[in-house]
Amino acid sequence: MIKLNIEGIGEFEFEDGITLKEIIEALKEDHKKIKKQEKEIVGAKLGDDIIDVHTPIRKSGNLKLLTKKDKDSLEILRHSLAHIMAQALKELYGDKNVHLGIGPTTEVGFFYDVEVEGKRLTEEDLPIIEEKMKEIISRNYDIVREELPREEAIKFFEDKKEFYKVELIKHDIPEGEPISVYKQGEFVDLCRGPHIPTTGYAPFAFKLFNIAGAYWKGKEGNPMLQRVYGVAFWAEKELKKYLNMLEEAKKRDHRKIGKELELFIIDEDVGGGLALWLPKGAIIRNEIETDWKNEHIKRGYQLVYTPHVGKEGLWQTSGHVNFYRENMFPEMQIEEEGYFVKPMNCPFHVEIYKSRQRSYKELPIKLAELGTVYRYERSGVLHGLMRVRGFTQDDAHIICREDQVDEEIRKVLEFAIETLKKYGFEEFQVFLSTRPEKSVGDDRMWEVATNALRKAIESVGLEYDIDEGGGAFYGPKIDVKIKDAIGRMWQCSTIQFDFNLPERFDMYYIGEDNKRHRPYMIHRAIFGSIERFIGVLIEHYAGLLPLWLAPIQARIIPIADAHIPYAKEVEQKLKEAGLRVEVDERNERMNKKIRDAELQKIPYMLVVGDKEWQTGTVSVRTKKKGNMGVFTIDEFKERAKKLIEEKSLEL
RNA sequence: GCUGGCGUAGCUCAGUCGGCAGAGCAGGUGAUUUGUAAUCACCAGGUCGUGGGUUCGAGUCCCACCGCCAGCUCCA
């Protein structure tokens, strides 16, 4: 017997191996709540596992019934859609020609990795497959779960020429675990579930949207299967919302906007993944970097500069030559000595720390640098500014005593969150990664460090997930992701303990006891990479950056040529106040000039004609607010200066 | 790197069955002097990614290479 505590209903005892379907059947007469929801129940959550109505329940625990309203129920729908797609493929291209790989769910839908003998799937096939899927859905097959003995399962899938499934049974399912298959009509698939009750468990909405290569089991060298992607939601509305988001993402693509607004280029003559900052992009970057430096100095960091290359021995000591080499540009030989371009800044900062003997009194030492590093990335992974081969880390290393760890970590995290908020990001995802199996450093250090990280997150009041064993071999870490305007998450800040480099470089300080002590060392970055962060900013704001970052803050638009002298007078006054302004002197109509300024995402348009000339004013228009009315030059100047000073997101 | 798709004017893109290389925008010149998202006319602009091949003839078909895009893998 097993004991199940059904949320909101009560505690019950059942036969071992009972299914959810049977439970509902048994309880519905006595429990109105279940009866009412009977048709709505898609599955349940047993502890942390999502189960369907078909699966025998063999352990006791908390059971939460899932209806379409629960987000977790999507998991079940999406999983089934992967099966329905597989069935569609088999019906279209022949049962024995289609070899199935794996078909899991994703954040927004599902995919199935398949190999279709004698056929390469293309985008044009997607509508055809969709049609077939709809047909299967309308047939409304019962979905049936069965368990097979291992040998029988292997034979069954061998007969069906499902070589990949056979491999899964042989290598990935541990002996003794039940081998389950799900049937719907003629279609049978190896699967542990969960699945919806029938294929026609409508209403739901889905769409196939992409097709791409994927290695079997994600391993290079294995055969490449074709991965067909789908999106799925219960409601049509949700699906549309997601498809709109994709459209919106396309519009905001920083590579497109970067080109249109002349912010940066990546030139094939220079090389992939190596960005050239155009003057306008350089203004954005300079504003960010200047602010970054000021904020660091304010918080007791010391700025340093280090070279772009260093001798081989340094990278030997740091361990990079042995453990990071595949990400480094190849060695160069200079006068019989090997040199490497730096993939990280840490060894240099360590050498700066070691440039003289340190006393416990001067700790913490916080060395900060906008350090440009170069890493070899395979050509296929490069992506605009988000993934490059040369990038600038907003790097710092905090070297401190054990008694300072808690406070320093808390300060770093507060600093990071405060900074990200300043740029308009409000939602964060925080991950705490703990000690992996293979690691260096003693237990005590791991404990002190991990606790410090946890306490910091809690004191800042953020929710967080723990990635158990997900830390680097050299120390635990916190990662912070930010949510952009259309809901995507981006990795930014990282705070990482390092128990490895202090050992390797024999870093120490002289303590109160006049003895040598090993300091704690913390790597941290707020933006992660300046390039990526600016890429994210561009997409977050769709190019319409906050005033203080805008390359051109105001464009003055004379209505006719006669107003150019006055426009230049306005320009002069605003420039003297430190604003980045320009006059549109072209012989074009005002409407055209406004349109072009809008397309260039210039925050302010200052229209000047006879009226403004006579009264010493400007007519202010912004993208966000439209026509804001007439301001005197001084009024506008003060308003803009104040917003810039405050780094306001307003106009 | 791998799989697939795509490379035509500065940009965005058309180019049918292999038969004289096109449009819009941007740029130049001129006209016009304009009140909150595109004034008009004219001009200039091309080794059709690169190199080979098939053909009387290649932007178009074939091969190799380079680059870009999506995904895999990896990651700041």
Side-chain angles (χ1 to χ4, degrees), chain A residues 101 111 113 115 120-124 209-229 250 253 255-256 259-260 262 265-273 324 326-327 343-345 371-395 479-481 490-494 496 523 525-533 535-536 557-564 586-600 605-612 619-623 625-630:
Chain A
F111 65 77
D113 285 350
E115 179 177 77
R120 210 178 54 230
L121 297 173
T122 66
E123 300 274 336
E124 280 97 74
F209 73 103
N210 196 7
I211 194 161
Y215 300 107
W216 169 235
K217 290 188 174 177
K219 269 200 202 108
E220 253 176 82
N222 277 350
M224 186 165 284
L225 310 181
Q226 288 195 281
R227 177 168 296 179
V228 186
Y229 285 90
K250 218 182 248 176
D253 192 321
R255 294 167 300 183
K256 180 172 166 263
K259 197 187 276 181
E260 286 166 358
E262 297 184 323
I265 52 169
I266 293 172
D267 187 291
E268 68 170 279
D269 292 332
V270 174
Y324 203 70
E326 70 272 25
N327 290 301
M344 293 187 194
N345 302 302
T372 304
V373 298
Y374 295 87
R375 297 183 186 173
Y376 166 69
E377 298 285 356
R378 303 202 286 180
S379 55
V381 307
L382 302 175
H383 181 91
L385 294 178
M386 304 297 191
R387 192 73 188 279
V388 287
R389 283 180 175 156
F391 64 99
T392 305
Q393 290 182 314
D394 63 316
D395 208 356
D479 287 316
V480 180
K481 288 187 179 181
W490 300 94
Q491 163 78 48
C492 280
S493 313
T494 177
Q496 210 156 342
H523 309 263
I526 295 174
F527 302 132
S529 143
I530 301 280
E531 283 76 2
R532 169 184 284 183
F533 187 71
V536 173
I557 298 178
I559 288 179
D561 287 355
H563 309 118
I564 290 179
R586 293 175 306 163
N587 182 359
E588 290 288 353
R589 293 182 56 190
M590 179 199 62
N591 277 330
K592 169 70 166 164
K593 294 180 185 176
I594 287 176
R595 176 181 158 82
D596 287 346
E598 292 273 4
L599 292 175
Q600 282 294 302
M605 285 153 272
L606 307 177
V607 177
V608 295
D610 285 341
K611 278 186 268 172
E612 289 77 12
S619 174
V620 179
R621 180 192 161 98
T622 71
K623 170 112 190 155
K625 296 183 175 169
N627 194 340
M628 289 174 66
V630 174

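Model, not experiment: these values are computed from the prediction. Each chain gets a letter, A, B and so on, in the order the sequences are listed, and its residues count up from 1. Atoms considered below: every heavy atom in the structure, side chains included; atoms not considered: hydrogens, waters and symmetry mates.
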- Note on the structure: 5' to 3', nucleotides 33-39 of chain B under a 4.0 Å protein heavy-atom cut-off (B base, S sugar-phosphate only, - none) gives BBBBBBB
- Quick one: what's the B/S/- string for nucleotides 71-76 of chain B, heavy-atom cutoff under 4.0 Å, read 5' to 3'? BBBBBB
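Checked against side chain to side chain contact (heavy atoms under 4.5 Å, CB included), A:Ile594 has the following partners two or more places apart in sequence or in another chain: A:Ile557, A:Met590, A:Glu598, A:Met605, A:Val607, A:Arg621. Under the rule for a side-chain hydrogen bond (donor to acceptor under 3.5 Å, both in side chains), the partners of A:Arg586 that lie at least two apart in sequence or sit in another chain are A:Asp584, A:Asp596. For A:Tyr215, the side chain to side chain contact (heavy atoms under 4.5 Å, CB included) criterion is met by A:Glu220, A:Met224, not counting sequence neighbours. Annotation: ring-ring contact (aromatic ring centres under 6.0 Å, His included) contacts of A:Tyr324 (sequence neighbours excluded): A:His320. Checked against side-chain hydrogen bond (donor to acceptor under 3.5 Å, both in side chains), A:Gln496 has the following partners two or more places apart in sequence or in another chain: A:Tyr474, A:Thr494. Every residue two or more places apart in sequence or in another chain that forms a ring-ring contact (aromatic ring centres under 6.0 Å, His included) with A:Trp216 is listed here: A:Tyr164. Considering only residues two or more places apart in sequence or on other chains, A:Glu262 meets the side chain to side chain contact (heavy atoms under 4.5 Å, CB included) condition with A:Leu278, A:Lys280. The ring-ring contact (aromatic ring centres under 6.0 Å, His included) check on A:Phe391 picks up nothing, with sequence neighbours excluded.
Taking atom P on both B:rC6 and B:rU47, the two are 24 Å apart, rounded to the nearest angstrom. Remark: the separation of the C1' atoms in B:rA44 and B:rU3 is 43 Å, to the nearest Å. Using atom P as the reference point in both B:rG15 and B:rG57, the two lie 26 Å apart (nearest Å). Rounded to whole Å, the C1' atom of B:rU60 lies 16 Å from the corresponding atom of B:rG49. Comparing the P positions of B:rC74 and B:rC61 gives a spacing of 37 Å, expressed to the nearest Å. One C1' atom belongs to B:rG51, the other to B:rC11, and the distance between them is 27 Å to the nearest Å. Look at the P atom in both B:rG46 and B:rG5: the space between them is 32 Å, to the nearest Å. Nucleotides B:rC40 and B:rG4, compared at atom P, are 47 Å apart to the nearest Å.
Counting heavy atoms from C-beta outward, A:Lys593 and A:Pro558 have side chains that approach closer than 4.5 Å.
One distance of note links CD1 of A:Ile526 with CD of A:Gln393; it measures 13.0 Å at 0.5 Å rounding.
For the pair A:Trp216 CH2 and B:rC2 C1', the computed distance is 18 Å after rounding to whole Å. The nearest whole Å value for the distance from the CG atom in A:Asp269 to the C1' atom in B:rG49 is 11 Å. The separation between A:Asp253 atom CG and B:rA70 atom C1' is 12 Å, rounded to whole Å. Separating the CD atom of A:Gln600 from the C1' atom of B:rC11 is a distance of 12 Å, rounded to the nearest angstrom. Per the geometry, CG belonging to A:Leu382 stands 14 Å off P belonging to B:rC2, to the nearest Å. As a whole-Å value, the separation of A:Ile266 CD1 from B:rC69 C1' is 13 Å. Rounded to whole Å, the distance from CD on A:Glu260 to P on B:rC13 is 11 Å.
For RNA chain B, each stem of at least three Watson-Crick or G-U pairs (distances under 3.5 Å) is given as range with range: B:1-7 with B:66-72, B:10-13 with B:22-25, B:27-31 with B:39-43, B:49-53 with B:61-65.
Counting all heavy atoms, side chain and backbone alike, A:Asp479 lies closest to A:Gln491 at OD1-NE2, 3.5 Å.
Evaluation of the salt bridge (Lys or Arg N to Asp or Glu O under 4.0 Å) test over residues 384-394 of chain A, restricted to residues two or more places apart or in two chains, returns A:Glu377-A:Arg387.
Residue A:Arg255 is classed as a sugar-phosphate contact, given heavy-atom separations below 4.0 Å to backbone atoms only.
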